[in-house]
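Chain identifiers are assigned alphabetically (A, B, ...) following the order of the sequence lines, protein sequences preceding nucleic acid strands; residue numbering begins at 1 within each chain.
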Protein chains: 2
Amino acid sequence: MPHSFTPPSAGDLNYLKSLNRSTVLSTVRRHPGVSRADIALRTGLTKATVGGVVQALVKGGWLREGELHARGGGRPGRSLHLDGERHCMLGAEVGVKGLRLVACNLLGEVLASCHCPAPPTDPESTAVRLAELLVALREEPAVSARHCLGLGVAVPGPVSTRAPILSLAPNLGWVDVDFLALLRREPGLPAGTWLLDNEANAAAFGEFYFFEGVPPESIAYISAGSGIGCGVVSGDHFPVVPRGHQGLVGEIGHTVIQPDGSRCHCGNRGCAETLVSGWALREALDLDSEASLGDAVAARAEEPAVRALIQRAGQALGLLLLNLHHTLNPSMLILGGSLMQLGEPLTGPALDYFTSHQNDLLRQSQSVPVKIIADGTFTAARGVAAEVMARSAIDI
Amino acid sequence: MPHSFTPPSAGDLNYLKSLNRSTVLSTVRRHPGVSRADIALRTGLTKATVGGVVQALVKGGWLREGELHARGGGRPGRSLHLDGERHCMLGAEVGVKGLRLVACNLLGEVLASCHCPAPPTDPESTAVRLAELLVALREEPAVSARHCLGLGVAVPGPVSTRAPILSLAPNLGWVDVDFLALLRREPGLPAGTWLLDNEANAAAFGEFYFFEGVPPESIAYISAGSGIGCGVVSGDHFPVVPRGHQGLVGEIGHTVIQPDGSRCHCGNRGCAETLVSGWALREALDLDSEASLGDAVAARAEEPAVRALIQRAGQALGLLLLNLHHTLNPSMLILGGSLMQLGEPLTGPALDYFTSHQNDLLRQSQSVPVKIIADGTFTAARGVAAEVMARSAIDI
DNA sequence: CCCTATTAGTTCACAGAATTTACTAACCGA
DNA sequence: TCGGTTAGTAAATTCTGTGAACTAATAGGG
């Protein structure tokens, strides 16, 4: 099993079938309510092919037929939707502050969730704890009533490109952990697709895959929490997440934006993380690891020094957005992560900086929309669940 | 005709055939001398399929059979190579300092070239001039003896993602130029694939496509000339060049690396281009547009101020490499563009900065190789030629 | 020298996928 | 009620890659 989906190298008829199945499925995902005829138009497949594929997908519990809707004269088409009743996926995030779990259906709707605020200690006991919670989650009625496609885990650090292994999680002190292997020792977990991904990549994937509204062609998701990470997703029918040579794509927290700035724990000076990140703000505010950053900032919101600190952080975040825009040029930027709890005092200056420093590289310069996810508690967990679905859909 | 190749959305049998043809072709390109059996092993196709595809490609002038080479016992395999004798591609770069043209064969070998140092004025007369030179190039014996697959043009600015149109070339003063349409009015140009691309993307593509040695999985090519651009390429059989929502991927010259730095012509402060770029150095050295930057720097190499200037520029370039590494994490970085003429005084500090500021994100941190292209006169022109070949190979 | 083992490449009947064409189904308006 | 129009299905057809059997070419051993 390849650890990350790679586009086809060479194809047999089997692959062709799988490709078309995925294409039809994603067309319905991106345009809920389309008819078979619509799909044929959009994808270039013939009506006959679409008919056959849809039949198989309906039978397999991936699609359901909806109401008829007439469009002008002629026989009305039968609308198609993802079937939210038959399958589900489990997603879990191992975060610095605790474990977060969701189960969701093919529509990305959360069927059940669980937030366990105890910070992880060592990998082994964390795996045991996570397995218990997953088993409990699976026993929820909404979950147990559905077939489970598999299980995904999001981790706060880069995942190796060679194997599904967490290379390094500085904030957990974990190195080269094969977390899925630890989980596999626990009983009661679902069979199917298992995968491990970086938290920012997972969140980015989920926001892209389950996007509500007109789907963007590509997004960059900035995860601002203890550290700063970023995930990039693009692609119509097969969303692609570039991971890079060592899985370091999106480690923008360590891009240097102030060469003579203060020292970062990575050894360099002026990394973005020294200006905007949970750890930098905590350090500046002299908080211990127990205290909540959000509460502390709220309590001291009137202090000019604190306000200036948050404002500087916001501007740095805006600068990161700008640099990302000029490097990756996504059609949408999404801001998420626990730092978003700081709200307008942080995001205001960020958006201000971003919009006021747009330059004239393209005259029209239709500004790139920036979406802010205020409550991102389950974003990453739902994101890996989305990845499980996407992977499972490839080899139905 | 789609303006940029997009991976398959849905597939018919035709597409499948085309996919396998391209796969075989690129396998030979990346591993010259493979046998049919090798290809079958590498691609997963069966011997029968490979046999058929190879036969077609040999007949079409894309592949040629080489010598036998035995490997242990058994019948020796017949080695396969790209056929450099039957086809050729034309590539041209419209640069700030003049026109550069090449004709090359499927192996990326330059059959003929032409460097016209007169700076372009308006689009119309430039198209006329370029067409004359292209016709002359095509009359060279090595070129006229081959079938011409098509023609590519590289331009110093972003190309629209909607149509093959140059959106903006600040250094030429051109806006929204449909250069291919202007060329199409001229007689004597080859039929086939025509395309337009950004200079940095084209160069990046060429370096990746015609890479000598073990092919890297992905590269980022930094084009340091009048401005700073960057192209990214990855993918095995179908090299993919992300272009972004507005074709601005790789506009790293306008990433901000010194928020309080000096003002850039784009309106912002502290863009990378204010530290490393032809225009910034010329401005700092008070050169008029006629003078050669290389000559001027060589002449004043002893002045401490000049040395410091170049060193600072080199360090900024190194910082750009580092930020690119953390954002895109390519498996190889390539430095090119006219600024490379400045040689060690520029590249030394750049490499120093890059290697000495590697951080510990991955313990092993096998350093990413940086390749420097000292003479990049025809890099971009050859790059678009490579794109013509790649595009033509898709629908043989 | 011949014979066997081994690997390379081709041939041909076959299975499977999408297509083509023709058809039925369902709705609208006159 | 009857054309006109669009949606969806069914059967014959075309084209693809596959698998197994075949031929080809070499090395090594007796």
In whole Å, I'd like the distance from the [atom1] atom of [X] to the [atom2] atom of [N].
| X | N | atom1 | atom2 | result |
| --- | --- | --- | --- | --- |
| B/Arg21 | D/dT16 | CZ | C1' | 12 Å |
| A/Glu65 | D/dG8 | CD | P | 8 Å |
| A/Lys17 | D/dT16 | NZ | C1' | 14 Å |
| A/Asp12 | D/dG19 | CG | C1' | 13 Å |
| B/His69 | D/dA25 | NE2 | C1' | 14 Å |
| B/Glu67 | D/dT26 | CD | C1' | 17 Å |

- [ ] Applying salt bridge (Lys or Arg N to Asp or Glu O under 4.0 Å), name anything that partners A/Asp38, two or more places apart in sequence or on another chain.
- [x] A/Arg71
TODO: Return the set of residues passing salt bridge (Lys or Arg N to Asp or Glu O under 4.0 Å) with A/Glu65 (not counting sequence neighbours), or none when no residue passes.
DONE: A/Arg36, A/Arg78
Quick check: does any side chain N or O of [X] sit under 3.5 Å from a backbone N or O of [Y], one acting as donor and the other as acceptor?
| X | Y | result |
| --- | --- | --- |
| A/Arg382 | A/Glu109 | no |
| A/Thr193 | A/Arg391 | no |
| A/Asn329 | B/Gly247 | yes |
| B/Ser26 | B/Ser22 | yes |
| B/Ser79 | B/Glu67 | yes |

- [ ] May I ask you to verify if any side-chain N or O of B/Thr49 is less than 4.0 angstrom from the OP1 or OP2 atom of D/dT18?
- [x] yes
Task: Any B/Asn20 side-chain N or O less than 4.0 Å from OP1/OP2 of D/dG17 - done: yes
Task: Heavy-atom contact window of chain B on DNA chain C, given 5' to 3' at under 4.0 Å - done: C/dT6 to C/dT19
TODO: Report the residue (B/Ala48 or A/Pro76) whose heavy-atom-nearest nucleotide on DNA chain C is the more 5′ of the two.
DONE: B/Ala48
TODO: Heavy atoms only: give me the nearest A/Asp236-A/Pro239 pair and the separation to one decimal.
DONE: O-CD, 4.5 Å
Task: Where A/Ser234 and A/Ser218 come nearest, the two heavy atoms and their spacing - done: CB-CB, 3.5 Å
- [ ] Answer yes when B/Glu85 and B/Arg64 have at least one side-chain N-carboxylate O distance shorter than 4.0 Å, and no when they do not.
- [x] no
Task: Sub-4.0 Å heavy-atom contacts from residues 50-64 of chain A onto DNA chain C, ordered by number - done: none
- [ ] Mark yes or no: A/Arg184 above the aromatic ring of A/Trp194, with NZ or CZ under 6.0 Å from the six-membered ring centre and no more than 45 degrees from the axis.
- [x] yes
TODO: Please give the angle, rounded to 10 degrees, between the axes at the start and the end of the helix from C/dC1-D/dG30 to C/dA30-D/dT1, where five pairs define each axis.
DONE: 10°
- [ ] Take A/His245 and B/Met332 through the test side-chain contact (heavy atoms from CB on, under 4.5 Å) and record every step on the way to the result.
- [x] CA-CA 9 Å; A/His245 181 48; B/Met332 173 173 273; over 6 Å; no
- [ ] Kindly compute the distance separating CG (A/Leu25) from OG1 (A/Thr23), expressed to the nearest 0.5 Å.
- [x] 9.5 Å
Task: Nearest-0.5 Å distance, CD1 of residue B/Ile39 to OG1 of residue B/Thr49 - done: 12.0 Å
Task: DNA chain D contacts among residues 25-38 of chain A, heavy-atom distance under 4.0 Å - done: A/Ser35, A/Arg36, A/Ala37
TODO: Look at all strands and tell whether A/Lys47 reaches a base, only sugar-phosphate, or nothing, counting heavy atoms closer than 4.0 Å.
DONE: base
Open item on the list: Check this for me: does the side-chain of B/Arg75 come within 3.5 Å of the base of D/dA25 through a donor and an acceptor?
Closed with: no
